[in-house]
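First comes the structure, then the notes that go with it.
Computed from a predicted model, the values in this text were never measured in an experiment. Each residue takes its place number in the sequence, starting with 1.
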Amino acid sequence: MNKKNLNAKHKRLMDLLDEVPGVKEHMDSLQVQMGKKILKRRLELGMTQKRLAEIICENGEKITQATISKVECGETSVESDTYSKIFNALGGLKNLDIEFGEYPQNGKKEPALV
């Protein structure tokens, strides 16, 4: 199968998954977005999950390859210090640009102003 056909099949699959309740929300979640960015950076550096875990341990921190896998898969139970360890090992966090979507107008109360 050539790359063009594979990309078309992947797009159709992703479009189909978007129709499943909860999938789009999960894919748009902070954890999945962070995992994607971490995976992309690790691959840019030509690094395996195992090597990334070794680098973090060499820096005096504890982490396992399994934890890195969970982070890259968008696991929801990851703590912020785990992200910090990974960011530092991948070169540090240069920018964290957060963009908000539309405020949901589904009958819920407006947020209180502080």
[X] to [Y] - nearest heavy-atom pair and separation:
X   : Y   : value
C57 : K62 : SG-CA, 4.5 Å
M47 : R42 : O-NH1, 2.7 Å
Y83 : M34 : CE2-CB, 3.8 Å
Q65 : A53 : N-CB, 3.9 Å
A89 : L52 : CB-CD1, 3.6 Å
D97 : N95 : N-OD1, 3.6 Å

Mind checking the [atom1]-[atom2] spacing from [X] to [Y]? Nearest 0.5 Å is all I need.
X   : Y   : atom1 : atom2 : value
I68 : I38 : CD1   : CD1   : 9.0 Å
H10 : N5  : NE2   : CG    : 14.5 Å
I55 : E58 : CD1   : CD    : 6.5 Å
E61 : D81 : CD    : CG    : 8.0 Å
T76 : H26 : OG1   : NE2   : 8.5 Å
L90 : I56 : CG    : CD1   : 7.0 Å

Shared hydrophobic cluster, L30 / I98 (ILVMFWY, side-chain heavy atoms < 4.5 Å):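 Yes; I98 is reachable from L30 via cluster members.
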
L96 with V32, same ILVMFWY side-chain cluster at under 4.5 Å: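 No: no chain of side-chain contacts under 4.5 Å links L96 to V32.
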
Is there a side chain to side chain contact (heavy atoms under 4.5 Å, CB included) between S77 and E75? Walk through the geometry before answering. CA-CA 6 Å; S77 63; E75 175 71 37; 3.3 Å; yes

Does some side-chain heavy atom of V71 sit less than 4.5 Å from a side-chain heavy atom of T82?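 Yes; the side chains approach each other to less than 4.5 Å.
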
State, with a plain yes or no, whether a side-chain heavy atom of L13 is found less than 4.5 Å away from one of L17.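 The answer is yes, as the side chains (C-beta and beyond) meet within the 4.5 Å cut-off.
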
Mind running side chain to side chain contact (heavy atoms under 4.5 Å, CB included) on L39 and L43 for me, showing each step along the way? CA-CA 6 Å; L39 172 62; L43 294 176; 3.8 Å; yes

Kindly determine whether K36 and M27 satisfy side chain to side chain contact (heavy atoms under 4.5 Å, CB included), including the steps that lead there. CA-CA 10 Å; K36 285 180 181 180; M27 295 305 289; 4.2 Å; yes

Any donor and acceptor pair, going by atom type alone, linking the side chain of E72 with main-chain N or O of K37 inside 3.5 Å?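 No: the side chain of E72 does not pair with the backbone of K37.
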
For the CD atom on E79, are there more than 12 heavy atoms of other groups (residues, nucleotides or ligands in this structure) within a distance under 6.0 Å?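 For E79, atom CD is not crowded (no more than 12 foreign heavy atoms under 6.0 Å).
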
